[in-house]
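Structure record follows, encoded as C-alpha cells.
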Amino acid sequence: MVARVWSLMRFLIKGSVAGGAVYLVYDQELLGPSDKSQAALKKAREVVPPAMYQFSQYVCQQTGLQIPQLPAPPKIHFPIRDSWNAGIITVMSALSVAPSKACEYSKEGWEYVKARAK
C-alpha cells in the first residue's frame with residue numbers, strides 16, 4: 001500500500017514539474033519568434049545567478065550548513081537566433097523533400113527487385 005502511494009506521489013510530482021515547464025515555455029513565449037526567445041534568455045542570465053545565491057543563503061540559514069562558493073560560470077556567447085533559424089530551415093527542407101525522395105527510393109528499390117526476379 002505504501003509503495004503505491006509513493007509511486008503515485010512520484011508521478012504527481014513529475015507531472016507537476018513537467019506541467020510547470022510547459023506552462024513556463026508557453027507563458028514566456030519561448031516557442032515564438034527568435035527575438036522573444038533571445039530576450040528571455042538574456043533575462044534568465046540576469047535573474048538566475050542572484051536567485052541561486054539567495055536560495056543557497058536561505059538553505060545555509062535554515063540548515064546551518066556551509067555551501068562553498070562556486071566559481072563564476074564561463075561567459076559563452078551563443079547566438080540562439082542564428083542556430084534556431086538554421087535548425088528550422090534544415091528540418092523544413094528535409095521534410096519538404098521527403099515525399100519526392102521516398103518516391104525516388106521506392107522506384108529504385110522496385111527496379112532492383114525486378115532486376116533480381118528475372
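Please read these numbers as outputs of a predicted model, since none were measured by experiment.
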Checklist line | Heavy-atom closest contact (C103 atom, S106 atom, distance) | finding: O-OG, 2.8 Å

Throw together a table of side-chain donor-acceptor distances under 3.5 angstrom for residues 5-21, partners on residues two or more places apart or in other chains.
{"from": "S7", "atom 1": "OG", "to": "A3", "atom 2": "O", "distance (Å)": "3.3"}
{"from": "S7", "atom 1": "OG", "to": "R4", "atom 2": "O", "distance (Å)": "2.9"}
{"from": "S16", "atom 1": "OG", "to": "L12", "atom 2": "O", "distance (Å)": "2.8"}

Margin query: Against W110, only a single residue in K114, E108, K107 fulfils side chain to side chain contact (heavy atoms under 4.5 Å, CB included); can you say which?
Written below: K114

